[in-house]
Every structure is written in structure tokens, then in C-alpha cells.
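One-based numbering, in listed order, for ligands and for the atoms of each.
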Amino acid sequence: MPAYNEAENLPSLLTQLTAQLALLTDRFEVLIVDDGSTDSTAEAIAPWVIQGGVRYLRLSRNFGKEHALTAGIDHARGEVVVLMDADLQHPVEIVAKMLDAWQAGADMVCAARASRADESWTKRAGTALFYWIVNRKGSKVQIPVDAGDFRLMDRRVVDALKSLPERNRFMKGLYAWVGFRTEIIDYQPAERHAGHSSFSLRSLAHLALTGVTAFSNVPLRLWSAVGAVIAVGAIGFGVLIVIEHFVNGHDVPGWATLVTSLMFFSGVQLLSIGILGEYVGRIFDEVKQRPIYLVASEQGSGLAQGETPAP
Ligand code: UDP
Ligand code: MG
């Protein structure tokens, strides 16, 4: 469970969650990855850590949700791992349904939001555009629409995810990339219990850019196509001018055409260089080989209540 400034949410969430988990099994641990919170998240969690059943992993700073999820996946020890948000938007009852689907043979069970009616039209339009780009025909990895990070994974899926080394992490794409038998359960996310969402439209756009550059070469290829069309158009236009010269015999000054087309094509060139830069920047991130996250401290044995530590 990635948590960034969730001090107000964690106590009630942990009460609900541990009660729910205790109904399902006597062997569970809740792993909270504190993504560099600046509020009293550490104090809120302290009584839970002593009790057992809860582990607390603090990252050295705010790395972002995708990185916090990676830290959680790396440190989780269970046969089954469930990822969920720490703001009570992911109903704990769904975990039971996910576990049923897993027992019925699914390797990964993801909860997809049943409706986006509660979101602004800008966010919905952006989401639609994003999925249209990454899930275009011919792309090998299809990212399920509306399935977020709320999901259950079998140990095999977790190990597969752990073997992916990339720094530019777009988890939704990585879950799809590893494959395995995936089942989708519909749910409706609840309102955030307390606090504010960390994802503004801007940070979502940034995440989408990470997703597109990591899972699609369409933006790179697009410009070869645009360039080809423009070049063919230019040849056609040249032929037209020559014909015009011989048929009508007089040449039009045409400064306006010249200047506007010049501006247009330099714009197109700058844009394509920018797109190249976006990919190059990400290649730079990968070759630097920096760790994806850094752990500052770890607390709690994570053993469920009643269980005794192995000797
Ligand atoms: N989160 C995180 N690091 C961040 C931002 C968010 O670990 O930099 C966690 C946050 O605590 C929550 C989850 O990611 O558990 C989802 O965040 P949020 O509710 O802000 O996003 P939304 O639900 O609006 O997509
Ligand atoms: Mg939320």
C-alpha cells in the first residue's frame, strides 16, 4: 500500500482492512510504503507496527506512486500480493472477491472502475486519448482500459514484475506486459476519505507521457509519416508551379505563402525534435542505472496476530 501523507486515512483503513483480512486468512501482512510523507504518517502507523500484522517501509524521499508500488512489490513476501491505495478509495470488501477469483485459477485479478461519471470531461478525454494511443492496432501489449493499480497478483506475477529493470516505471503497462491469466472485476471507487489527491491533471499528463513513451513507438513513427506526406506534397506543389509558369507565363510573388509555410514547417520540425528528446531523455534515465527507490527505514515484523516468528 503506497502512502503519501495519509495520516488521516491510515488508522481507519487499517482497522477495516485487518478485520477483513482476518476473516479471509490467518496469515497476512499489510505492507505500507511511506513515499516520503511530510505529515504524521509515521506516528499514525506506530501503534499498528508494534501490534504485528503490519510492516512499515519508509522511502528516503517522495519518489512517486509508481516507485512506491515497486518498493512494495519488491518487499512483499506473500504467496499472493494485493496492491491498494491508502485513502479508502479501494473498498476492502473487493479483496475477498479477488481472492475467490485467484482460487478459481486467475493469476492476476484487477479491479476496473465501473464508471468515470464522477470525473471531469478533460480527464475523461485525456484518458480516452491515452488508451487510444497505447492500445492501437498492432501494439502487442494491450493495457486494459479503466483497470488501475488496485489488483491482486500471484507470486509468479510478482516475481515477473520484479525482473523488470526499467526506471521509467509505468505500472499499468508493466502489469499488462508480463501477461498471465488476468481477470477483471468491476467496482466503483469510493470518495477519498480525507486529504487531497496527489494527482493533478498535470501530473496525470506526465504519467501518461511516461506510459506512451514506454509502451508505444507511434509518436516517433508518426513524424516519418508526416514528413513523407509533406515531401510528396512539396514535389506536387513544385510540379504545379512549373506548369503554372508555362501555362500562364507569369509568376505570382507569393510572399505570404512562403512565410506561413516556412513557419509551419519549422514548427513541425521543432515538434518532432521535441518528441525525439522525450525518448532520448528517458533513454538517459535508463542508462544512468540509478536505483528505482531508496529505503530509509523498515519497521514491524509483519506477522499476523497470533502467529509466532519462525526460529
Ligand atoms: N501516493 C504515493 N506517492 C505519491 C502520490 C500518491 O504513494 O507521490 C499514493 C497515495 O498515498 C495513495 C495512492 O498513491 O495511496 C493514490 O494517490 P491519490 O489518492 O492521490 O491519487 P488518485 O486516487 O487521485 O488517483
Ligand atoms: Mg485516491
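Residues Asp85 and Asn9 are not in side-chain contact: their nearest non-hydrogen atoms beyond the backbone lie 4.5 Å or more apart. Between Met98 and Met84, the closest side-chain pair of non-hydrogen atoms is not below 4.5 Å.
For Lys172 and Tyr175, the positive end is not near the middle of the six-membered ring at less than 6.0 Å and at most 45° from its axis. In this structure, Arg282 fails the cation-pi test against Phe284, since its NZ or CZ atom is not both closer than 6.0 Å to the six-membered ring centre and inside 45 degrees of the ring normal.
For ligand 1 and Arg192, the ligand atoms under 4.0 Å from any heavy atom of the residue are 18 (P), 19 (O), 20 (O). Listed by number with element, the atoms of ligand 1 under 4.0 angstrom from any heavy atom of Asn62 are 3 (N), 4 (C), 8 (O). Interface atoms of ligand 1 facing Asp87, defined by a heavy-atom separation under 4.0 Å, are 19 (O), 23 (O). Annotation for ligand 1: atoms under 4.0 Å from non-hydrogen atoms of Asp85 are 13 (C), 15 (O), 16 (C), 23 (O).
For atom 17 (O) of ligand 1, the closest non-hydrogen atom of the protein is Phe199 CE1, 3.8 Å. Protein heavy atom nearest atom 24 (O) of ligand 1, with residue, atom name and distance: Ser197 OG, 2.5 Å. Of the protein's non-hydrogen atoms, Pro2 CB, 3.4 Å is the one closest to atom 7 (O) of ligand 1. What sits closest to atom 20 (O) of ligand 1 on the protein, heavy atoms only, is Ser198 N, 2.6 Å. Scanning all protein heavy atoms for the shortest distance to atom 1 (N) of ligand 1 gives Tyr4 CB, 3.7 Å.
Atom CD of Gln20 sits in a crowded spot, with more than 12 heavy atoms from other residues, nucleotides or ligands closer than 6.0 Å.
The part of Gln89 lying near ligand 1 is the side chain, judged by heavy-atom distances below 4.0 Å.
With Arg58 contributing its side chain and Ala42 its backbone, the two residues share no donor-acceptor pair below 3.5 Å. When atom types are taken as modelled, the side chain of Thr25 and the backbone of Arg27 share a donor-acceptor pair closer than 3.5 angstrom. With Arg167 contributing its side chain and Pro165 its backbone, the two residues share a donor-acceptor pair below 3.5 Å.
Between Tyr187 and His90, the angle of the ring planes goes over 60°, which puts this pair in the perpendicular group of the 30/60° scheme.
Any N or O atom pair closer than 3.5 Å counts here, and Asp35 shares at least one such pair with ligand 1. For ligand 1, the polar-atom distance check finds no N/O of Ala68 at less than 3.5 Å from any of the ligand's N/O atoms.
With distances taken over non-hydrogen atoms, the option nearest atom 10 (C) of ligand 1 out of Lys123, Lys65, Glu6 is Glu6.
At least one N, O or S atom of Gln89 sits under 2.8 Å from the Mg ion (ligand 2). Inclusion of Asp85 in the first shell of the Mg ion (ligand 2) is not supported: no N, O or S atom falls under 2.8 Å.
Of all the heavy atoms in Ile143 and Gly173, the pair that sits closest is CD1-CA, 3.8 Å.
Closest N/O/S atom of Asp87 to the Mg ion (ligand 2): OD2.
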